[in-house]
> 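This is the structure I have questions about; it appears just below.
Just so you know, these numbers come straight off a predicted model, no measurement behind them.
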Amino acid sequence: MEIPSIVGAGLIVIGAGVGIGRIGGSAMEAIARQPEASGKIQTAMLIAAALIEGIGFAALFAG
Amino acid sequence: MEKLIEQFSFGLFFWQLLLFVGLVLLLKKFAWKPILDAVETRESDIKDAISAAEDAKKDMENLQADNQKLLKEARAEREAMLKEARELKNTMIESAKTEAKDEANKLVANAQAAIESEKKAAIADLKSVVAELSISIAETVVREELSDKSKQEKLVESMLKDATLN
Amino acid sequence: MRSKLTIRLITLLFFLMPFLSMAGGEKAAGTDLKSEIKAYIQHHLEDTYDFSLYSYTTDEGVHKYIGFPLPVILWDNGLRVFSSSKLHHGESVAQAGDAFYKLDHGKIYKTDADGTITYDESHHATNVKPLDFSITKNVFTIMMVAVLLFVVFSRMAKTYKSNSIPSGIGRILEPIVLYVRDDIAIPNIGKKHYKRYMSYLLTVFFFVWTINLLGLTPLGINVTNNIAVTFCLAILTYLITTFTAKKDYWMHIFWMPGVPKLMRLVLAPIELLGTFIKPFSLMIRLYANITAGHIVLMSLIGLMFIFKSWLGSSLSFMLAFALGILELLVAALQAYIFTMLSALYFGSAVEEHDHDHAH
């Protein structure tokens, strides 16, 4: 039985969402713990989120 | 993916590349370089001004410290001078005292010596006077007594008695 | 107070304009609304040969296009230039010299005088496609943005000549320029090398940002959701990274220090692949973010006309409004991410490692 590609796309979105969510959550915790480092944490968070997002999109388009 | 490749428009890519590279080069020459240079000079000016102010502050502090030091030194010098003067005074008084004492001692000694010598001279004079007196007495006595034997003896005796007084 | 209100009203009108134009299409079409909105979105995502603000169909069934034509430039055994108004949006054949061209599904094909287009079994046109250097809507927008950026920033640079403090628009732009320098370039590239890359980073940042913002206006512009545009930007980042890379960069790719010899052989192809994946992800990220944003935003706007009840329509209006504001953030964020990651890659290219430490 062939699995439609939309299912794969959904899986990708779930994976990317969980990943970005975890990054955001951890970043929030880190900022709460060290408010003075919020700038650096935000930058690192954005980069990490962007990388996951990139993989997610690449997979979406490959599928 | 296939859709993406199909969508790829070479004309758009060509124009984008041309326009974007042109934009980068033009902006580099006419915008980014002047702007960044101006900002950099401004920043370095501010930095210089701040460091100059800091230096001035430091200089001021140094100056103040120097003044303080000078004041301290002057005070110490005054103190030392006063002390020296006091010492000088003391030594001068001391030396004057000792000198005076010496002088006095000397005077006393001289006086004593003079007194002694005067005394000796007086004694010598006295002795010679006594001797002359005694000779003259003796003469008279001898002249008288030679006529009277008992009186002679008596005289000698009294004279001898007197002589022992000396 | 009054001017504030005016500005708000104008802003609201700006947000409403695309809906109004679509409302016009809805009344007259009479066909299936859903498929029409779908076609409209599809059309919006494609590049066009004329600058059309919007289109509608009259009661007589004639398509009316509001906008202005742009030059079509083809290379087909010699340069052929003609106005895109000749193409009539694919409804008639354009003649240029002795050759005939016809627009089919947004692409120009060479045809005979009758404009016959043959299709293969998968509905792809088999006609000859001439090399197309036309000034399309996107090319035109890129040109306008390039001119705008050049005028704004060269004028801003001039104000520095008389005064070290910027005046006018420079007051707003200078903090952004400094942000790119102090928070994107210097931390990622390092104080020693960052100056070489500043021109590219600043241009990319402002270019992408401006283009993304223009995509949110009702002009119907969407440049960054063309793969060719993001591909061009990504390939430039790749080329700059590759050609300015120092010895250390190549050593870390082909002969990773600090790992066992066998591992180095395994790592080399992975690292080499990584250098291609990096710009590829840059390309896809920008493209996909903007495309997805446009599709979702337009779908929500379309929903307003599918819902016949005021409740559903106002709800989707609110959603579209909120998403529009979110897209404003995304426009800046994607420009920031693109610049940031480019700076990161440049930084890895010029980084000098201290091999005394275990890597």
> Crowded around C:R155 CZ? As in, over 12 foreign heavy atoms under 6.0 Å?
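Count not over threshold, so no.
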
> With the side chain counted from C-beta on, respond yes when C:R181 and B:V39 share a heavy-atom pair under 4.5 Å apart, and no when they do not.
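Yes, at least one pair of side-chain atoms sits under 4.5 Å.
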
> Can you tell which of C:Y287, C:F133, C:Y200, C:Y160 has the highest number of heavy-atom pairs within less than 4.5 Å of chain B?
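Heavy-atom pair counts peak at C:F133.
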
> Any heavy-atom pair between the side chains of B:V24 and C:L236 that's under 4.5 Å?
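In short, these two side chains do not touch, never coming nearer than 4.5 Å.
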
> Highest number of heavy-atom pairs under 4.5 Å with chain B: which of C:L233, C:N226, C:T136?
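The candidate making the most pairs under 4.5 Å is C:L233.
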
> In the structure I gave you, are the side-chain heavy atoms of B:L36 and C:V177 within less than 4.5 Å of one another anywhere?
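Of all side-chain heavy-atom pairs linking C:V177 with B:L36, at least one is under 4.5 Å.
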
> For a quick test of reading the model, state the closest non-hydrogen atom pair linking B:F30 to C:A157 and the distance between them.
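B:F30 and C:A157 have their closest heavy atoms at O-CB, 3.3 Å.
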
> Looking at chain C, which one of B:A38, B:A31, B:P34, B:G22 has the largest number of heavy-atom pairs inside 4.5 Å, strictly under?
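The candidate making the most pairs under 4.5 Å is B:A31.
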
> Taking heavy atoms only and a threshold strictly under 4.5 Å, list by residue number the residues of residues 55-94 of chain B that touch chain C; give 'none' if the list is empty.
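No residue falls under the 4.5 Å cut-off.
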
> What part of C:N138 gets within 4.5 angstrom of chain B, counting heavy atoms only: side chain, backbone, both, or neither?
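For C:N138, heavy atoms of backbone and side chain both lie under 4.5 Å from chain B.
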
> Does a side-chain heavy-atom distance below 4.5 Å link B:L27 with C:L202?
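In short, these two side chains do not touch, never coming nearer than 4.5 Å.
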
> Given heavy-atom pairs under 4.5 angstrom as the criterion, report whether the side chain, backbone, both or neither of C:V204 touches chain B.
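For C:V204, heavy atoms of backbone and side chain both lie under 4.5 Å from chain B.
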
> Rounded to the nearest 0.5 Å, what separates atom CG in B:L12 from atom CD1 in C:I142?
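Atom-to-atom, B:L12:CG and C:I142:CD1 are 5.0 Å apart.
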
> Contact part of C:K161 toward chain B, heavy-atom cut-off under 4.5 Å: side chain, backbone, both or neither?
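Neither part.
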
> Report the distance from atom CD1 of C:I227 to atom OG of B:S9, rounding to the nearest 0.5 Å.
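If I round to the nearest 0.5 Å, the distance is 12.0 Å.
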
> Just wondering, do B:L23 and C:V145 contact through their side chains at under 4.5 Å, heavy atoms?
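When only atoms from C-beta onward are counted, B:L23 and C:V145 do not touch, as no gap falls below 4.5 Å.
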
> I need the residue from B:F20, B:F14, B:F10 with the largest number of non-hydrogen atom pairs under 4.5 Å to chain C.
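The option with the most such pairs is B:F20.
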
> Does any non-hydrogen side-chain atom of B:K28 lie less than 4.5 Å from one of C:T203?
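They are not in contact (no side-chain heavy atoms under 4.5 Å apart), so the answer is no.
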
> Let's go through B:I35 and C:L173 carefully: what are the C-alpha distance in whole Å and the side-chain angles of both, what is the deciding distance for side chain to side chain contact (heavy atoms under 4.5 Å, CB included) to 0.1 Å, and is it a yes or a no?
CA-CA 11 Å; B:I35 289 171; C:L173 293 175; over 6 Å; no

> Please classify the contact of C:S134 with chain B as side chain, backbone, both or neither, using a heavy-atom distance under 4.5 Å.
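The backbone, not the side chain.
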
> I would like to know whether B:W15 and C:I73 meet side chain to side chain contact (heavy atoms under 4.5 Å, CB included); could you show each step before the answer?
CA-CA 12 Å; B:W15 283 108; C:I73 303 166; 4.3 Å; yes

> Sort by residue number and list every residue of residues 42-52 of chain B having at least one heavy atom under 4.5 Å from chain C.
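The residues closer than 4.5 Å to chain C, in numerical order, are B:R42, B:E43.
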
> Could you measure the distance from the CG atom of B:L26 to the OG atom of C:S199? Nearest 0.5 Å is fine.
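Going from the CG atom of B:L26 to the OG atom of C:S199 covers 11.5 Å.
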
> Measure up the B:W32 and C:F153 rings against each other and bin them: parallel (under 30°), tilted (30 to 60°), perpendicular (over 60°).
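Geometry flag for C:F153 against B:W32: tilted rings.
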
> Nearest 0.5 Å please: distance from the CD atom of B:Q16 over to the CZ atom of C:F207.
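Atom-to-atom, B:Q16:CD and C:F207:CZ are 4.0 Å apart.
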
> Is chain B contacted by the side chain of C:F206, its backbone, both, or neither, given a heavy-atom distance below 4.5 Å?
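Contact with chain B involves the side chain of C:F206 alone.
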
